[in-house]
Colleague: 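Could you have a look at this structure, given as structure tokens, before my questions?
Computed over heavy atoms, backbone and side chain alike; hydrogens, waters and symmetry mates excluded. We name chains A, B, ... by the order of the sequence lines, and we start the count at 1 in each one.
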Amino acid sequence: MKGRLFALVDCNNFYVSCERVFDPALEGRPVVALSNNDGCVIARSEEAKALGIPMGAPLFRVRPLIREHGVRVYSSNYALYGDMSGRVMASLAEFAPDVEVYSIDEAFLDIAGAGRRGAARYGREIRAKIHRWTGIPVSIGIAETKTLAKLAAGIAKGSPDGVFAFPRAVALARTEVGDVWGIGRRHAAMLKASGILTALDLRSAALGWARKRMGLGGARTVLELGGTACLDLETQPAEKKTTTVSRSFAHPVEELDALRDAVSVFAARAAAKLRRGRLLAGGVTVFIHTNRFAESGPQYHDAATRPLASPTSHTGDITGAALSALERIFRPGLRYKKAGVLLFELIAEERAPLTLFGAGGDSGRGGRLMKAFDEINRKFGRGLIRYGSARPGWRMNQACRSPHYTTRWEDLPRVAADGGRARGCS
DNA sequence: TCTGGGGTCCTAGGACCC
DNA sequence: TCTGGGGTCCTAGGACCC
């Protein structure tokens, strides 16, 4: 992989930036976006970071700071973020022959065409145009390997023009080892205990030692920090192998009936996800657990798996299997905090094997039923019609969600009208 | 009765990512 | 009172085989 040049384009404070696009009054103010259930902070504006609101902080713990400084708070609005992400990624395709959409707010670009000398200038051009076209500010890191490009992007965040190219020893020495892509909490602690504190230290670590202590991935990281590219651009999105729907409950759940309701809803949602991706699942796993943060009361977590007779995306089949798995692991007298449904052995619909009953998959009566079902839910709102035991019993907390500006006509922003956005929020 | 190497497949759990 | 959700890959160990 000689002569490769990677750019990592990283949207700044992405969810907050999305909210700002549609409410410019948020500019210059501290803003945070919350996880599902309004549980914790998962995106912060620079102003919010400066106030000392940590990433992942539980909302209740930073309430005082929020009140004191008038921080604006937003529930997660994935319809909006997903749509904005699509716009950014489509814009990036203008700048490189190959783009790897790495996450909702990051992409790797092959910019070998710009050449080493022109790379930084090209980065600044990309940044300016993405901002003009989508309203989203980005940082860009450029280097010979993906790991170094990531590291460079981290430095670019603090630089005036938002672009940093070709990190050298000084830049590596400024980067804590735990901030290196691929080094998580456990490995960071282990490395620090061994006297390896920075990316520069890690770059000089012995390869065999890294392999032994951190596995294949760790050795690869050491090589990539040294400029040897081990990771290529992955432009084809990998085929999904599993899909999960899970939620924490706002209040602890003790009754089997309530868990059955939740699991039925999750199973129905997971099945709908399959159908949207034209996939079928070969099996179902259900898991439940108590509150791992609770200081009193017994802890319990378990999971059970059920095979599906033949690969399917049929809500009835999947719900039935999921409920049977739930019966198996449910223990009375416990306060459950979370449950989830995981579908695995996913295959594309058209690759479904033939069965005794004729065509594979869901092409028969059940398949048509599901299609009609999805169509009605799409038109009239998710959850209007449900399958069997899926009754609405509980809801996500989303006190402060912004409108679906980009994906629903009725939520289009009104010019010169307040619209009462983000009711009940600071 | 004891002693071996080598291979595959599966699963649970760890570690990482956003 | 209140602590996200959704993924992937790797490894170690057990079962089983020749």
Colleague: Please report, rounded to the nearest Å, how far the P atom of dC10(B) is from the CD atom of Glu345(A).
Modeller: 10 Å
Colleague: Can you tell me how far P of dT11(C) sits from CZ of Arg186(A), to the nearest Å?
Modeller: 17 Å
Colleague: Is Asp10(A) paired with Lys157(A) through a side-chain N to carboxylate O contact shorter than 4.0 Å?
Modeller: yes
Colleague: How are the rings of Phe6(A) and Phe108(A) set relative to one another: parallel (under 30°), tilted (30 to 60°) or perpendicular (over 60°)?
Modeller: perpendicular
Colleague: If you find the nucleotide of DNA chain C closest to Lys240(A) and the one closest to Gly39(A), which residue's nucleotide is nearer the 5' end?
Modeller: Gly39(A)
Colleague: Using a heavy-atom cut-off of 4.0 Å across all strands, would you classify Val180(A) as base, sugar-phosphate, or nothing?
Modeller: sugar-phosphate
Colleague: Quick check: any donor-acceptor pair below 3.5 Å linking the side-chain of Arg292(A) to the base of dT3(C)?
Modeller: no
Colleague: Tell me whether the side-chain N/O atoms of Arg211(A) come closer than 4.0 Å to OP1 or OP2 in dT11(C).
Modeller: yes
Colleague: Are Thr315(A) and Arg275(A) close enough that a side-chain donor and a side-chain acceptor fall under 3.5 Å?
Modeller: yes
Colleague: For the pair made of CZ in Phe266(A) and P in dG5(C), what is the distance, rounded to whole Å?
Modeller: 8 Å
Colleague: Looking at side-chain heavy atoms only, is the closest gap between Thr406(A) and Leu80(A) below 4.5 Å?
Modeller: yes
Colleague: According to the interplanar angle, ranging from 0 to 90°, do the rings of His301(A) and His289(A) count as parallel (below 30°), tilted (30 to 60°) or perpendicular (above 60°)?
Modeller: perpendicular
Colleague: For the pair made of OH in Tyr81(A) and C1' in dG5(C), what is the distance, rounded to whole Å?
Modeller: 14 Å
Colleague: Look at the side-chain N and O atoms of Lys338(A) and state whether any lies under 4.0 Å from the OP1 or OP2 oxygen of dG5(C).
Modeller: yes
Colleague: Using OP1 and OP2 only, check whether a side-chain N or O of Thr244(A) sits under 4.0 Å from dG7(C).
Modeller: yes
Colleague: May I ask you to say what Asp105(A) touches in the nucleic acid, namely base, sugar-phosphate or nothing, with a heavy-atom cut-off under 4.0 Å?
Modeller: sugar-phosphate
Colleague: Nearest-nucleotide wise, let me know which of Ile42(A) and Lys241(A) is further upstream toward the 5' end of DNA chain C.
Modeller: Ile42(A)
Colleague: Applying a 4.0 Å non-hydrogen cut-off, can you work out what Leu34(A) is touching in the nucleic acid: base, sugar-phosphate, or nothing?
Modeller: nothing
Colleague: Within the 4.0 Å heavy-atom criterion, would you say Arg185(A) contacts the bases, only the backbone, or no part of the nucleic acid?
Modeller: sugar-phosphate
Colleague: Please give, in whole Å, the distance from dG6(C) C1' to Arg276(A) CZ?
Modeller: 14 Å
Colleague: With a 4.0 Å cutoff (strictly under), does any side-chain N or O of Asn37(A) reach OP1 or OP2 of dC2(C)?
Modeller: no
Colleague: Over all strands shown, is Leu216(A) touching base, sugar-phosphate only, or nothing at heavy-atom distances under 4.0 angstrom?
Modeller: sugar-phosphate
Colleague: If only side-chain N and O atoms count, and only distance matters, is there a donor-acceptor pair under 3.5 Å linking Ser75(A) with Asp38(A)?
Modeller: yes
Colleague: May I ask you to evaluate whether Ser103(A) reaches the phosphate of dC17(B), defined as a side-chain N or O under 4.0 Å from OP1 or OP2?
Modeller: no
Colleague: Return the nearest nucleotide to the side chain of Tyr78(A); candidates are dG5(C), dC17(B), dG4(C).
Modeller: dG4(C)
Colleague: Could you measure between the two P atoms, the one in dC18(C) and the one in dT3(B), and give it in whole Å?
Modeller: 22 Å
Colleague: Find the distance Phe344(A):CZ to dG7(C):C1' and express it as a whole number of Å.
Modeller: 16 Å
Colleague: Rounded to whole angstrom units, what separation is found between the NZ atom of Lys146(A) and the P atom of dC16(B)?
Modeller: 19 Å
Colleague: Can you tell me if the side-chain N/O atoms of Ser246(A) get under 4.0 Å from OP1 or OP2 in dG6(C)?
Modeller: yes
Colleague: Would you say the side chain of Phe22(A) lies within less than 4.5 Å of the side chain of Pro403(A), judging by non-hydrogen atoms?
Modeller: no
Colleague: Counting any heavy atom closer than 4.0 Å, what does His187(A) reach on the DNA or RNA strands: base, sugar-phosphate only, or nothing?
Modeller: sugar-phosphate
Colleague: Looking at Lys212(A), I'd like to know whether one of its side-chain N or O atoms comes within less than 4.0 Å of OP1 or OP2 on dT11(C).
Modeller: no
Colleague: Report the distance from atom CZ of Arg220(A) to atom P of dC17(B), rounded to the nearest whole Å.
Modeller: 11 Å
Colleague: Taking a pair as Watson-Crick or G-U wobble with both distances under 3.5 Å, which nucleotide is matched to dC18(C)?
Modeller: dG5(B)
Colleague: Tell me whether the side-chain N/O atoms of Ser248(A) come closer than 4.0 Å to OP1 or OP2 in dG5(C).
Modeller: yes
